[in-house]
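We're numbering straight along the sequence, starting at 1. No experiment lies behind these values; they were computed from the predicted model shown.
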Amino acid sequence: GYHEYMMDENNKYNMHGIERGNSNLRIKYFPTYAAMNNIYSIDLMNYTENNLKLKAIMKTLPQSVMDELKWDENVGKRLEEWVENDRRTNKNGQYNLADFSELLNLPNKDIPSDHLPIGAIFEFEDVCDVKNKDQDVCRCCIEHVKKDKKKKSKSKRNKRRNNSNFVHEWKYHEINSF
């Protein structure tokens with residue numbers, strides 16, 4: 001979901017001179033994991049486009065945390081340094097990624113996990129037409145009819161209780177699992 005959102009030309013993100021599908025841009029706008037001086041966008045949200053339409057995605061980092069960390073400014077600087085230095089700024093040798101160390105380490109007092117929450121809003125496409133081409137009305141469009149369940153008669157149970165020969169005893173069964 002986040003990748004599709006980033007690839008949409010209508011979304012006006014600062015690309016910092018980097019191609020739109022680059023993972024560094026997903027990290028800037030939708031980080032999902034931050035621990036031990038590493039920040040990644042690794043949590044995924046997969047869906048099928050034949051019956052779901054992506055309507056909106058949730059920011060992964062709360063705005064208050066972004067403001068406190070000056071997230072956009074600091075990550076933007078790191079991305080520009082990465083481009084200027086021939087994409088070789090990562091201290092861990094992960095040269096496909098900019099160096100995001102010491103920007104955010106989780107968990108912390110504001111975020112209790114090293115993974116950030118992801119979320120999206122989807123709209124269902126008209127699945128009835130696709131699945132039920134040969135039928136007039138599909139099962140999901142028919143009003144559900146609730147069947148009447150017959151109540152079991154208490155009379156048998158009461159007869160048994162009232163029977164003087166009926167003895168109320170506990171039965172014990174040994175259970176041995178060894």
Side-chain angles (χ1 to χ4, degrees), residues 1-135 137-141:
Y2 291 108
H3 178 73
E4 182 179 333
Y5 206 76
M6 291 294 302
M7 295 304 288
D8 186 351
E9 302 268 338
N10 295 323
N11 295 322
K12 306 295 181 206
Y13 292 111
N14 180 351
M15 296 292 137
H16 302 280
I18 302 170
E19 59 278 359
R20 193 172 277 279
N22 190 286
S23 56
N24 286 293
L25 295 173
R26 276 199 323 275
I27 292 170
K28 177 180 181 182
Y29 295 107
F30 306 107
T32 63
Y33 173 82
M36 299 178 288
N37 280 320
N38 293 305
I39 301 175
Y40 299 112
S41 182
I42 58 173
D43 295 316
L44 305 174
M45 185 180 318
N46 297 312
Y47 64 97
T48 55
E49 289 182 327
N50 67 340
N51 61 3
L52 290 174
K53 183 176 181 182
L54 181 63
K55 300 299 281 182
I57 53 175
M58 180 182 92
K59 279 187 163 184
T60 57
L61 204 53
Q63 190 62 46
S64 59
V65 174
M66 289 177 72
D67 293 343
E68 182 182 321
L69 297 172
K70 297 181 183 175
W71 181 261
D72 288 333
E73 179 184 331
N74 289 326
V75 172
K77 284 179 186 176
R78 301 280 179 102
L79 288 174
E80 289 165 9
E81 289 171 6
W82 181 69
V83 170
E84 288 171 8
N85 291 305
D86 198 27
R87 301 182 178 207
R88 292 207 167 286
T89 59
N90 192 299
K91 294 173 186 162
N92 296 326
Q94 296 174 308
Y95 296 125
N96 60 318
L97 299 175
D99 181 27
F100 297 116
S101 62
E102 300 174 14
L103 287 178
L104 175 65
N105 275 311
L106 298 178
N108 63 25
K109 65 179 177 57
D110 298 316
I111 303 168
S113 174
D114 55 357
H115 286 266
L116 296 164
I118 61 175
I121 297 174
F122 294 98
E123 177 180 271
F124 282 101
E125 296 289 324
D126 190 5
V127 294
C128 298
D129 290 341
V130 175
K131 286 186 127 183
N132 302 297
K133 294 176 188 171
D134 301 332
Q135 299 173 357
V137 180
C138 69
R139 287 180 29 192
C140 62
C141 296

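Ring geometry for Tyr13 versus Phe30: interplanar angle over 60°, hence perpendicular rather than tilted (30 to 60°).
The heavy-atom pair separating Glu9 from Lys12 by the smallest distance is O-NZ, 3.7 Å. Ala35 and Asn105 make their closest contact through C-OD1, 3.6 Å (heavy atoms, listed as atom of the first residue, atom of the second, distance). The heavy-atom pair separating Ile118 from Leu44 by the smallest distance is CD1-O, 3.5 Å. Heavy-atom minimum distance, Ser101 versus Lys91: OG-NZ, 3.8 Å. Of all the heavy atoms in Ser113 and Pro107, the pair that sits closest is N-CB, 3.7 Å. Of all heavy-atom pairs spanning Gly21 and Arg26, the tightest one is O-NH1, 3.7 Å.
Atom CE in Met15 sits 10.5 Å away from atom CG in Leu79 (nearest 0.5 Å). Separation of atoms CD1 (Ile18) and CG (Leu25) is listed at 5.0 Å; rounding is to 0.5 Å. Between the CZ atom in Phe100 and the CH2 atom in Trp82 there is a gap of 8.0 Å [rounded to 0.5 Å]. In this structure, CD in Glu4 is found 3.0 Å from OH in Tyr47, a value given to the nearest 0.5 Å. Between atom CG of residue Asn22 and atom CG of residue Asn96 there is a gap of 8.0 Å, rounded to the nearest 0.5 Å. Rounding to the nearest 0.5 Å places CG of Asn24 at 9.0 Å from CD of Glu19.
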Exercise. Can you list the steps and then say if Leu116 with Leu106 is a side-chain contact (heavy atoms from CB on, under 4.5 Å)?
Worked result: CA-CA 9 Å; Leu116 296 164; Leu106 298 178; 3.8 Å; yes
For this session: Could you check Arg78 against Ile27 for side-chain contact (heavy atoms from CB on, under 4.5 Å), going step by step and ending with a plain yes or no?
Result: CA-CA 12 Å; Arg78 301 280 179 102; Ile27 292 170; over 6 Å; no
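Counting only distance, with no hydrogens or angles, the side chain of Asn38 and the backbone of Met36 share a donor-acceptor pair below 3.5 Å. Although no hydrogens or angles enter the test, the distance criterion places no donor-acceptor pair under 3.5 Å between the side chain of Thr89 and the main chain of Ala98. Formation of a donor-acceptor pair under 3.5 Å by the Arg20 side chain with backbone atoms of Asp8 is found in this model.
Looking at heavy atoms from C-beta onward, Ile39 lies in side-chain contact with Leu104 at the 4.5 angstrom threshold. The shortest side-chain heavy-atom distance between Asp43 and Tyr2 does not fall under the 4.5 Å cut-off.
Ion pairing of Lys28 with Glu80 is absent here, as no side-chain N (NZ or NE/NH1/NH2) approaches a carboxylate O to less than 4.0 Å. Between Lys77 and Glu81, none of the side-chain N atoms (NZ, or NE/NH1/NH2) sits under 4.0 Å from a carboxylate O, so this pair counts as no salt bridge.
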Atom pairs and distances, donor-acceptor, side-chain atoms in residues 53-62, under 3.5 Å, two or more places apart:
residue: Lys59; atom: NZ; partner: Gln63; partner atom: OE1; Å: 2.9
residue: Thr60; atom: OG1; partner: Pro31; partner atom: O; Å: 2.6

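More than 12 heavy atoms of other shown residues, nucleotides or ligands fall within 6.0 angstrom of atom CG in Leu69.
In this structure, a donor-acceptor pair under 3.5 Å is absent between the side chains of Asp110 and Asn108.
Residues satisfying the ring-ring contact (aromatic ring centres under 6.0 Å, His included) criterion with His115, sequence neighbours excluded, are Tyr33.
Remark: Arg88 qualifies as a cation-pi partner of Tyr95 under the 6.0 Å distance and 45° angle criteria applied to the six-membered ring.
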